[in-house]
Amino acid sequence: MRLAWLLLCMPCAASAAPLLRSEGVATLANGVIAYREVHWQRGAGDGSERWVEYLCPAGQPFARKQMPAATRPQVRGYVLQDARSGQAADVRVGPGVVRVDWKEDTSTPSRTKQLPLPPDAVIDAGFDAAVRAHWRTLQDGAPVSLPFLVPGRQRFYPVQVQYLGPVRWQGLSAHAVNVRLDTWFGAVAPRLSLVYADADRRLLEFRGTSNLRDVRGDYPQVTVRFAAPATEQPEQRWRTELQRPLVARCGVTSR
(Lines give C-alpha, C1' and ligand atoms only; values in the text may rest on other atoms or scores of the structure.)
Protein backbone atom coordinates (compact mmCIF):
# COMPACT_ATOMS: atom_id res chain seq x y z
CA MET A 1 0.00 0.00 0.00
CA ARG A 2 2.79 2.39 0.92
CA LEU A 3 4.65 1.68 -2.33
CA ALA A 4 1.47 2.13 -4.37
CA TRP A 5 0.89 5.60 -2.97
CA LEU A 6 4.50 6.57 -3.58
CA LEU A 7 4.13 5.57 -7.22
CA LEU A 8 1.02 7.70 -7.51
CA CYS A 9 2.73 10.72 -6.00
CA MET A 10 6.21 10.61 -7.51
CA PRO A 11 5.42 11.68 -11.12
CA CYS A 12 4.39 15.15 -9.98
CA ALA A 13 7.44 15.74 -7.77
CA ALA A 14 9.33 17.65 -10.47
CA SER A 15 6.57 20.25 -10.78
CA ALA A 16 7.46 23.77 -9.69
CA ALA A 17 3.93 24.53 -8.43
CA PRO A 18 3.76 25.03 -4.65
CA LEU A 19 2.28 22.42 -2.35
CA LEU A 20 -0.70 23.72 -0.37
CA ARG A 21 -2.04 22.07 2.79
CA SER A 22 -5.32 22.58 4.63
CA GLU A 23 -7.09 20.63 7.35
CA GLY A 24 -10.73 19.95 8.17
CA VAL A 25 -12.21 18.51 11.37
CA ALA A 26 -15.20 16.17 11.07
CA THR A 27 -17.49 15.98 14.10
CA LEU A 28 -20.59 13.93 14.91
CA ALA A 29 -23.90 15.37 16.05
CA ASN A 30 -22.80 15.17 19.70
CA GLY A 31 -19.63 17.15 18.99
CA VAL A 32 -17.23 14.19 19.18
CA ILE A 33 -14.41 14.33 16.63
CA ALA A 34 -14.94 11.55 14.08
CA TYR A 35 -11.79 12.12 12.01
CA ARG A 36 -9.65 14.81 10.43
CA GLU A 37 -9.12 15.49 6.74
CA VAL A 38 -5.72 16.74 5.56
CA HIS A 39 -5.93 18.13 2.01
CA TRP A 40 -2.87 18.61 -0.17
CA GLN A 41 -2.82 20.16 -3.62
CA ARG A 42 -0.12 21.15 -6.08
CA GLY A 43 -1.03 24.66 -7.16
CA ALA A 44 -4.08 26.78 -6.38
CA GLY A 45 -6.44 25.99 -9.28
CA ASP A 46 -9.52 23.76 -9.11
CA GLY A 47 -7.85 21.38 -11.58
CA SER A 48 -4.65 20.90 -9.58
CA GLU A 49 -3.49 17.47 -8.47
CA ARG A 50 -4.82 16.64 -4.99
CA TRP A 51 -4.51 14.20 -2.14
CA VAL A 52 -6.64 13.72 0.97
CA GLU A 53 -5.46 11.91 4.06
CA TYR A 54 -8.05 10.84 6.64
CA LEU A 55 -6.74 10.71 10.20
CA CYS A 56 -7.95 9.08 13.39
CA PRO A 57 -8.62 11.54 16.24
CA ALA A 58 -5.21 10.53 17.64
CA GLY A 59 -3.52 11.41 14.33
CA GLN A 60 -2.85 8.07 12.57
CA PRO A 61 -3.89 7.88 8.89
CA PHE A 62 -6.55 5.27 8.08
CA ALA A 63 -7.57 6.25 4.54
CA ARG A 64 -6.19 8.13 1.54
CA LYS A 65 -7.55 9.53 -1.70
CA GLN A 66 -5.62 10.71 -4.75
CA MET A 67 -7.05 12.87 -7.54
CA PRO A 68 -5.00 13.53 -10.69
CA ALA A 69 -4.71 16.95 -12.28
CA ALA A 70 -7.60 17.62 -14.63
CA THR A 71 -8.67 20.13 -17.26
CA ARG A 72 -12.27 19.40 -16.22
CA PRO A 73 -12.06 19.32 -12.40
CA GLN A 74 -15.81 18.82 -12.10
CA VAL A 75 -15.50 15.26 -13.47
CA ARG A 76 -12.03 14.03 -12.58
CA GLY A 77 -11.50 10.47 -11.33
CA TYR A 78 -9.93 9.39 -8.08
CA VAL A 79 -8.50 6.45 -6.13
CA LEU A 80 -9.60 5.81 -2.53
CA GLN A 81 -8.46 3.23 0.02
CA ASP A 82 -9.80 2.85 3.59
CA ALA A 83 -7.71 0.38 5.59
CA ARG A 84 -10.30 0.03 8.37
CA SER A 85 -13.20 -1.40 6.38
CA GLY A 86 -11.42 -2.39 3.17
CA GLN A 87 -13.59 0.08 1.24
CA ALA A 88 -11.91 1.03 -2.03
CA ALA A 89 -12.78 3.00 -5.14
CA ASP A 90 -11.07 3.52 -8.48
CA VAL A 91 -12.97 5.97 -10.69
CA ARG A 92 -11.51 6.66 -14.14
CA VAL A 93 -12.90 9.19 -16.61
CA GLY A 94 -12.50 8.80 -20.36
CA PRO A 95 -14.04 10.55 -23.39
CA GLY A 96 -17.78 10.42 -22.73
CA VAL A 97 -17.57 7.60 -20.17
CA VAL A 98 -16.64 6.89 -16.55
CA ARG A 99 -15.47 3.52 -15.22
CA VAL A 100 -16.33 2.83 -11.58
CA ASP A 101 -14.53 0.06 -9.70
CA TRP A 102 -16.04 -0.17 -6.21
CA LYS A 103 -15.36 -2.44 -3.22
CA GLU A 104 -17.65 -1.92 -0.22
CA ASP A 105 -15.55 -3.76 2.36
CA THR A 106 -13.11 -6.64 2.87
CA SER A 107 -15.89 -9.25 2.73
CA THR A 108 -17.33 -8.23 -0.65
CA PRO A 109 -15.81 -8.49 -4.14
CA SER A 110 -15.08 -5.47 -6.32
CA ARG A 111 -17.79 -4.40 -8.75
CA THR A 112 -16.91 -2.69 -12.02
CA LYS A 113 -19.27 -0.77 -14.27
CA GLN A 114 -18.81 1.65 -17.14
CA LEU A 115 -21.32 4.49 -17.42
CA PRO A 116 -21.98 7.19 -20.01
CA LEU A 117 -20.85 10.58 -18.71
CA PRO A 118 -23.83 12.97 -18.60
CA PRO A 119 -23.44 16.62 -19.57
CA ASP A 120 -22.51 18.77 -16.56
CA ALA A 121 -21.80 15.62 -14.51
CA VAL A 122 -20.12 15.90 -11.11
CA ILE A 123 -17.78 13.37 -9.50
CA ASP A 124 -16.68 13.45 -5.86
CA ALA A 125 -14.71 16.61 -4.91
CA GLY A 126 -15.53 18.06 -8.32
CA PHE A 127 -18.71 19.28 -6.66
CA ASP A 128 -16.82 22.27 -5.25
CA ALA A 129 -15.61 23.23 -8.71
CA ALA A 130 -19.17 22.91 -10.02
CA VAL A 131 -20.54 25.23 -7.33
CA ARG A 132 -17.93 27.85 -8.18
CA ALA A 133 -18.59 27.45 -11.92
CA HIS A 134 -22.31 28.12 -11.36
CA TRP A 135 -21.77 30.76 -8.67
CA ARG A 136 -23.39 33.66 -10.50
CA THR A 137 -26.44 31.60 -11.50
CA LEU A 138 -26.89 30.42 -7.91
CA GLN A 139 -26.57 33.93 -6.45
CA ASP A 140 -29.17 35.14 -8.93
CA GLY A 141 -31.58 32.75 -7.21
CA ALA A 142 -31.83 30.06 -9.88
CA PRO A 143 -31.37 26.45 -8.69
CA VAL A 144 -28.85 24.33 -10.59
CA SER A 145 -29.46 20.63 -11.29
CA LEU A 146 -26.39 18.41 -11.65
CA PRO A 147 -25.97 14.65 -12.18
CA PHE A 148 -23.85 13.46 -9.24
CA LEU A 149 -22.01 10.11 -9.22
CA VAL A 150 -22.72 7.82 -6.26
CA PRO A 151 -19.90 5.27 -6.76
CA GLY A 152 -21.28 2.69 -4.32
CA ARG A 153 -24.45 2.48 -6.40
CA GLN A 154 -22.56 2.91 -9.68
CA ARG A 155 -24.95 5.45 -11.11
CA PHE A 156 -25.60 9.17 -11.35
CA TYR A 157 -28.36 10.86 -9.35
CA PRO A 158 -29.76 14.32 -10.16
CA VAL A 159 -29.11 16.75 -7.32
CA GLN A 160 -30.38 20.30 -7.02
CA VAL A 161 -28.11 23.04 -5.71
CA GLN A 162 -29.83 26.10 -4.19
CA TYR A 163 -28.29 29.30 -2.87
CA LEU A 164 -29.74 30.15 0.57
CA GLY A 165 -28.14 33.55 1.18
CA PRO A 166 -25.33 35.35 3.01
CA VAL A 167 -24.32 34.17 6.51
CA ARG A 168 -21.65 34.84 9.13
CA TRP A 169 -19.36 31.87 9.78
CA GLN A 170 -16.92 32.15 12.68
CA GLY A 171 -16.69 35.88 12.06
CA LEU A 172 -16.29 35.57 8.27
CA SER A 173 -18.65 36.78 5.56
CA ALA A 174 -19.92 33.65 3.84
CA HIS A 175 -22.67 32.12 1.72
CA ALA A 176 -24.91 29.13 2.49
CA VAL A 177 -25.77 26.55 -0.16
CA ASN A 178 -28.21 23.64 0.10
CA VAL A 179 -28.00 20.40 -1.91
CA ARG A 180 -30.75 17.81 -2.20
CA LEU A 181 -31.92 15.14 -4.60
CA ASP A 182 -33.97 16.46 -7.49
CA THR A 183 -36.20 13.37 -7.31
CA TRP A 184 -37.11 10.85 -4.59
CA PHE A 185 -35.14 7.60 -4.90
CA GLY A 186 -36.40 5.41 -2.07
CA ALA A 187 -33.71 5.00 0.57
CA VAL A 188 -31.35 7.39 -1.20
CA ALA A 189 -32.18 10.84 0.15
CA PRO A 190 -28.99 12.79 0.83
CA ARG A 191 -29.25 16.40 1.91
CA LEU A 192 -26.14 18.53 2.26
CA SER A 193 -25.57 21.98 3.69
CA LEU A 194 -22.47 23.86 2.55
CA VAL A 195 -20.90 27.19 3.52
CA TYR A 196 -18.47 29.06 1.24
CA ALA A 197 -16.29 32.04 2.10
CA ASP A 198 -17.29 35.31 0.46
CA ALA A 199 -13.69 36.44 -0.10
CA ASP A 200 -12.38 33.49 -2.11
CA ARG A 201 -15.32 31.03 -2.38
CA ARG A 202 -13.41 28.33 -0.54
CA LEU A 203 -15.40 25.66 1.29
CA LEU A 204 -15.70 26.45 5.00
CA GLU A 205 -18.19 23.83 6.15
CA PHE A 206 -19.77 20.59 4.92
CA ARG A 207 -22.76 19.17 6.80
CA GLY A 208 -24.14 15.84 5.57
CA THR A 209 -23.33 12.16 5.03
CA SER A 210 -19.68 11.12 5.23
CA ASN A 211 -18.20 9.25 2.27
CA LEU A 212 -16.42 6.86 4.68
CA ARG A 213 -18.00 4.01 6.64
CA ASP A 214 -17.81 3.96 10.43
CA VAL A 215 -17.05 0.99 12.70
CA ARG A 216 -20.68 -0.17 12.39
CA GLY A 217 -20.56 -0.19 8.61
CA ASP A 218 -22.76 2.92 8.38
CA TYR A 219 -22.12 6.23 6.68
CA PRO A 220 -22.44 8.70 9.57
CA GLN A 221 -23.76 12.24 9.49
CA VAL A 222 -20.85 14.62 10.04
CA THR A 223 -20.00 18.30 10.03
CA VAL A 224 -16.59 19.06 8.51
CA ARG A 225 -15.18 22.52 9.19
CA PHE A 226 -12.16 24.05 7.43
CA ALA A 227 -11.27 26.90 9.77
CA ALA A 228 -8.10 28.10 8.04
CA PRO A 229 -7.19 28.58 4.37
CA ALA A 230 -4.54 26.41 2.74
CA THR A 231 -0.92 27.34 3.40
CA GLU A 232 2.20 26.55 1.39
CA GLN A 233 4.25 23.72 2.88
CA PRO A 234 7.65 22.17 2.06
CA GLU A 235 7.88 19.17 -0.23
CA GLN A 236 9.41 17.04 2.51
CA ARG A 237 6.39 17.41 4.78
CA TRP A 238 4.11 16.24 1.96
CA ARG A 239 6.32 13.23 1.28
CA THR A 240 6.56 12.32 4.96
CA GLU A 241 2.82 12.54 5.60
CA LEU A 242 1.78 10.52 2.55
CA GLN A 243 4.34 7.78 3.21
CA ARG A 244 2.96 6.88 6.62
CA PRO A 245 1.31 3.42 6.65
CA LEU A 246 -2.47 3.27 7.04
CA VAL A 247 -3.84 1.80 10.28
CA ALA A 248 -6.58 -0.82 10.20
CA ARG A 249 -8.47 0.37 13.27
CA CYS A 250 -9.01 3.42 15.44
CA GLY A 251 -11.89 5.08 17.25
CA VAL A 252 -12.71 7.10 14.16
CA THR A 253 -16.48 7.39 14.37
CA SER A 254 -17.44 5.94 17.73
CA ARG A 255 -20.28 7.85 19.38
Side-chain angles (χ1 to χ4, degrees), residues 1 4-15 17 19-20 37 39-54 63-82 86-104 108-135 137 144-161 179 181-183 185 188 190 192 194 201-203 206 208-213 219 242:
M1 184 63 198
W5 276 94
L6 277 172
L7 291 174
L8 282 170
C9 298
M10 289 302 288
C12 65
S15 172
L19 282 162
L20 303 176
E37 298 183 8
H39 292 245
W40 286 90
Q41 64 185 84
R42 190 174 286 279
D46 274 333
S48 60
E49 188 168 16
R50 296 171 184 242
W51 304 262
V52 183
E53 189 169 42
Y54 299 89
R64 287 194 180 99
K65 179 166 62 176
Q66 189 261 350
M67 294 161 279
T71 56
R72 297 179 62 202
Q74 188 171 313
V75 290
R76 76 167 124 206
Y78 68 95
V79 177
L80 169 71
Q81 178 96 37
D82 187 334
Q87 178 182 326
D90 187 350
V91 178
R92 299 176 185 269
V93 178
V97 297
V98 56
R99 179 181 176 273
V100 181
D101 191 337
W102 177 263
K103 182 175 175 63
E104 187 69 23
T108 57
S110 294
R111 295 180 289 116
T112 301
K113 187 174 183 179
Q114 183 166 291
L115 306 168
L117 193 64
D120 216 11
V122 175
I123 296 175
D124 194 63
F127 190 84
D128 270 350
V131 169
R132 283 186 281 272
H134 293 281
W135 192 258
T137 299
V144 174
S145 185
L146 300 166
F148 185 78
L149 178 67
V150 179
R153 293 179 177 262
Q154 297 185 314
R155 63 167 293 181
F156 286 89
Y157 288 88
V159 298
Q160 186 179 95
V161 187
V179 184
L181 276 173
D182 235 357
T183 312
F185 286 96
V188 182
L192 309 176
L194 307 169
R201 300 179 190 173
R202 69 181 177 90
L203 181 64
F206 165 96
T209 305
S210 172
N211 64 330
L212 299 174
R213 301 177 68 190
Y219 291 89
L242 268 70

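With sequence neighbours left out, the side-chain hydrogen bond (donor to acceptor under 3.5 Å, both in side chains) criterion links S110 to no other residue. With sequence neighbours excluded, the residues satisfying salt bridge (charged side-chain N to carboxylate O under 4.0 Å, His left out) with R202 are D200. Checked against side-chain hydrogen bond (donor to acceptor under 3.5 Å, both in side chains), Q114 has no partners two or more places apart in sequence or in another chain. For D46, the side-chain hydrogen bond (donor to acceptor under 3.5 Å, both in side chains) criterion is met by R132, not counting sequence neighbours. A search for side-chain contact (heavy atoms from CB on, under 4.5 Å) contacts involving S210 returns Y35, L212, P220, V222, not counting sequence neighbours. Residues satisfying the side-chain contact (heavy atoms from CB on, under 4.5 Å) criterion with V122, sequence neighbours excluded, are Q74, F127, A130, L146, F148. Every residue two or more places apart in sequence or in another chain was checked for a ring-ring contact (aromatic ring centres under 6.0 Å, His included) with H134, and none qualifies. Partners of T137 according to the side-chain hydrogen bond (donor to acceptor under 3.5 Å, both in side chains) rule, which considers only residues two or more places apart in sequence or in another chain, do not exist here. D124 pairs by the salt bridge (charged side-chain N to carboxylate O under 4.0 Å, His left out) definition with K65, not counting sequence neighbours. Applying the side-chain contact (heavy atoms from CB on, under 4.5 Å) criterion to A89, with sequence neighbours excluded, gives Y78, L80, W102.
Among pairs with a residue in residues 109-123, none fulfils salt bridge (charged side-chain N to carboxylate O under 4.0 Å, His left out), at least two apart in sequence or across chains. For residues 88-100, the salt bridge (charged side-chain N to carboxylate O under 4.0 Å, His left out) pairs, not counting sequence neighbours, are D90-R92.
For the residue pair H39 and Q41, no side-chain donor N or O sits within less than 3.5 Å of a side-chain acceptor on the partner.
Looking at heavy atoms from C-beta onward, L117 lies out of side-chain contact with V97 at the 4.5 angstrom threshold.
Checking side-chain atoms of Q87 against main-chain N and O of N211 turns up a donor-acceptor pair under 3.5 Å.
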